[in-house]
Number of protein chains: 2
Amino acid sequence: MSRHDQPRSRSAVSLADVARDAGVSVATVSRVINTPGLVAPATAERVQKVIRELGYQPNAIARALMTSRSDIIGIALPDIHGEFYSEILRGADAEARRHGLRLLIAGEARAGEDNRTQTTLPYSLLDGLVVLITEPNDLLLQEARQSGVPICVLDAEVKQPDIDNVLVDNATGAAEAAAHLLGRLPGDRCYFVGGAEANFDTKQRASAFRRVVGESVRTVRADQTAFGDYSSEWGRRWASGMIAKGRLRGAGVLAGNDEIAFGILSAARDAGLAIPDDLAIVGFDNSRLASIVHPALSSVHIPLRELGAAAVELLVRRIADPGCERREVRLASRLIVRSS
Amino acid sequence: MSRHDQPRSRSAVSLADVARDAGVSVATVSRVINTPGLVAPATAERVQKVIRELGYQPNAIARALMTSRSDIIGIALPDIHGEFYSEILRGADAEARRHGLRLLIAGEARAGEDNRTQTTLPYSLLDGLVVLITEPNDLLLQEARQSGVPICVLDAEVKQPDIDNVLVDNATGAAEAAAHLLGRLPGDRCYFVGGAEANFDTKQRASAFRRVVGESVRTVRADQTAFGDYSSEWGRRWASGMIAKGRLRGAGVLAGNDEIAFGILSAARDAGLAIPDDLAIVGFDNSRLASIVHPALSSVHIPLRELGAAAVELLVRRIADPGCERREVRLASRLIVRSS
DNA sequence: GTGAAAGCGCTAACAT
DNA sequence: ATGTTAGCGCTTTCAC
């Protein structure tokens, strides 16, 4: 091999090569591959043999250009960090494979930033797009919409008639969790420690928390809900502040996710608080480690894989029929009680 | 919008549409987009205006067919489960974006299984491929090779002259960890609890463990190394067995990854063993939770993001020059001592 | 049942 | 500086 080979495409075997060697036309070779029923068994056999001999592989790009189907769907995520995103991705990937589709990913999906030259995604080569939107991001959605690809939005509630939607029913799980805390503690000792205030899930969880706790106390104080980000550092910081004010002992906390909960648990342990006697805590996401840490963390299960799979499923339907009626899927969350 | 619109491609704006409206040829429009320097400013301005008005977006597939460059690279992973894979993916995605490339993922990448009709990946549309191989998988590698795409193999050691290779230096970190355990315990009380025995990383970690421990005892007993899988359940099961035989107290364990370590820690806690006095333990991967759990888990850091990024980097180089010399990158691991 | 031929939307010589 | 034209590799009428 020389240092500068021909570009791959020049050297690759094409339909024409197979046709020539098999003594048929390219059309026949194409039929052997795509509609075997239409070709005489003997011919098909001969063509197949040549295909094997030459190691022919159809060029997916040329095929896509003809059929205007690439069998690729995009998935745009704000980040690929942590179990939340990777499990959604995993569910989407599995479902895509079931339908013979491939997944093109775009992490840190942001549109219209700086003077970017390229768009967030190569829309024109996608058959469809799943967009995970966890915080207001009109630019990305707008960019995606005007590209014309079928879209399914995950997490953000979008009412556009041509966009399907997969949502988490955060309210139910959060309400269960709040009720669980209220079973051990007075409402004025309950706290919600969320992720970013703009985050849709955090918003919904906080709101369910306020509603349920509000039924047992006159008013839910402002300091009973706090917002930061989905990190253990934030959980630890919040807990430290509470400990400094002598207010963590005897409290019940609903954390915005398990990471925050782990941070709080860690700070509580350092302060010598016993779980769950001195501090009751419930997380969100039911991550793998929730059941491994000690004490095992009670957590609200979110069906992440199913979320990803449902988004792909809706998309597949819309790709088949772009004008179809908007559909919305909302998946339930539920409290898993452990020992925290 | 009617229920059955034209397929997207029919309705999409093409170069020809722009050319017509701008009163120029398609070549000029193409130049405005790809080589702006070659076109008169006034013309360029006029064309740009029409592009905006019509909302023209170049068709990535047609472009790829012409240039035989899709700007897409594939990444094949055995699974997308857990921090190990998702962090590698994250690193690869970030690096790909730096180079203007997109990532197409194939989870559960296995080749030649059953009578699958389609290959693991749409090789013909990829500019290159990163394959993460953690256990012997000749079929996948063979399939990928004969597709002709530039390849970079991650984790498995591959000496083919046309395939780049990114490796983890497991030996250093594992040796450090073993030495760390030997600092507290006699060599005959040290154990290695790995993932699958066929797993390359587990293999190398076990071997470094045997070598280092072997320097302090006559022979390393067979029961001092055990193999299962990368799960906390396996760690817990192993620990339970040891506890039943009364052999866990006073032992030192090097776990194949942090999950296994967490499982062992959990069983040890249930058995009333104090960490690190009754049981010293070191994990692998330095996962986010290693520093959050209590006691904080000592762990060998593996530069996962850098691994993914390095693979993409090598691939980019080989795409630019397919005949270039094979390159191998080996990234270091190092022990992070915490309190376990 | 098979072949000829017309493109899919674009880039890149080659002309002018 | 711009236009004309020949494909990239494939699918798909339309003839035969």
Side-chain angles (χ1 to χ4, degrees), chain A residues 6-48 50-51 54-71 122-127 148, chain B residues 6-47 50-51 54-71 122-127 147-148:
Chain A
Q6 302 268 17
R8 226 184 345 129
S9 65
R10 310 287 299 119
S11 59
V13 184
S14 79
L15 258 196
D17 299 321
V18 176
R20 185 181 10 77
D21 282 25
V24 295
S25 73
V26 290
T28 298
V29 181
S30 176
R31 285 187 194 108
V32 168
I33 293 167
N34 301 304
T35 48
L38 297 184
V39 59
T43 321
E45 185 51 49
R46 188 156 33 96
V47 171
Q48 288 287 12
V50 176
I51 286 180
L54 266 47
Y56 169 71
Q57 290 181 292
N59 181 316
I61 296 184
R63 186 201 297 249
L65 184 58
M66 259 319 279
T67 60
S68 41
R69 272 282 204 291
S70 63
D71 291 337
Y123 298 104
S124 57
L125 74 70
L126 302 179
D127 286 350
Chain B
Q6 302 268 16
R8 232 190 333 134
S9 66
R10 310 289 298 121
S11 58
V13 184
S14 80
L15 259 197
D17 299 322
V18 176
R20 186 181 10 78
D21 281 27
V24 296
S25 73
V26 289
T28 298
V29 181
S30 177
R31 286 187 195 106
V32 168
I33 293 167
N34 301 304
T35 49
L38 298 184
V39 58
T43 321
E45 184 51 48
R46 187 155 35 97
V47 171
V50 176
I51 286 179
L54 266 47
Y56 169 71
Q57 292 181 292
N59 181 317
I61 296 183
R63 185 201 298 247
L65 184 58
M66 256 320 277
T67 60
S68 42
R69 273 284 202 292
S70 63
D71 291 337
Y123 299 103
S124 57
L125 74 69
L126 301 179
D127 287 349
S147 75

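Below, chain A is the first sequence line, B the second, and so on; all start at residue 1. Computed from a predicted structure; not experimentally measured.
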(request) Taking the side chain as every heavy atom from C-beta outward, state whether V18(A) and V32(A) have any atom pair closer than 4.5 Å. (result) no

(request) State whether the side chain of D21(A) and the backbone N or O of V50(A) hold a donor-acceptor pair below 3.5 Å, judged by distance alone. (result) no

(request) Locate the shortest heavy-atom distance separating S124(B) from P58(A); write the atom from each residue and the value. (result) OG-O, 3.1 Å

(request) Ignoring hydrogens and angles, tell me if any N or O in the side chain of D17(A) forms a donor-acceptor pair with the backbone of V13(A) under 3.5 Å. (result) no

(message) Which nucleotide wins on minimum distance to the side chain of P58(B), given the candidates dT11(D), dT2(D), dC10(C)?
(response) dC10(C)

(request) Starting at atom CD1 of I61(B), determine the distance to atom P of dC10(C), rounded to an integer number of angstrom. (result) 11 Å

(request) Tell me what L38(A) touches on the nucleic acid: a base, only sugar-phosphate, or nothing, going by heavy atoms under 4.0 Å. (result) base

(request) For dG3(D), take OP1 and OP2 only and decide whether either is under 4.0 Å from a side-chain N or O of T28(B). (result) yes

(request) Ignoring backbone atoms, test whether S68(A) places a side-chain nitrogen or oxygen under 4.0 Å from the OP1 or OP2 oxygen of dC8(C). (result) no

(request) Write down the atom of I61(A), the atom of S70(B), and the distance for their closest heavy-atom approach. (result) CD1-CB, 4.1 Å

(message) dC8(D), OP1 or OP2 - any side-chain N/O from N59(A) closer than 4.0 Å?
(response) no

(request) May I ask you to decide if A64(B)'s main-chain N or O and R69(B)'s side chain share a donor-acceptor pair within less than 3.5 Å? (result) no

(request) Would you mind reading off the distance between L125(B) atom CG and dC8(C) atom P, rounded to a whole angstrom? (result) 22 Å

(request) Find the distance N34(A):CG to dG9(D):P and express it as a whole number of Å. (result) 17 Å

(message) Output the rounded distance in Å from CG (L15(B)) to C1' (dT5(D)).
(response) 15 Å

(request) For R69(B) and dG9(C), give me the distance from atom CZ to atom P, rounded to whole Å. (result) 24 Å

(message) OP1 or OP2 of dA1(D) versus the side-chain N and O atoms of T43(B): is any pair under 4.0 Å?
(response) no

(message) Rounding to an integer number of Å, can you tell me how far I33(B) CD1 sits from dG9(C) P?
(response) 14 Å

Between the protein and nucleotides 5-7 of chain C, list every N/O to N/O distance that falls short of 3.5 Å.
none

(message) Treating T67(A) as the side-chain partner and R63(A) as the backbone partner, does any N or O pair qualify as donor plus acceptor under 3.5 Å?
(response) yes

(request) Check every strand shown and say whether S14(A) touches a base, only sugar-phosphate, or nothing at a heavy-atom separation below 4.0 Å. (result) sugar-phosphate

(request) Choose from dG9(C), dT2(D), dG3(D) the nucleotide whose nearest atom is closest to any side-chain atom of V24(B). (result) dG3(D)

(message) Closest-nucleotide mapping onto DNA chain D: is A62(B) or G23(B) further toward the 5' terminus? I mean the 5' end.
(response) G23(B)

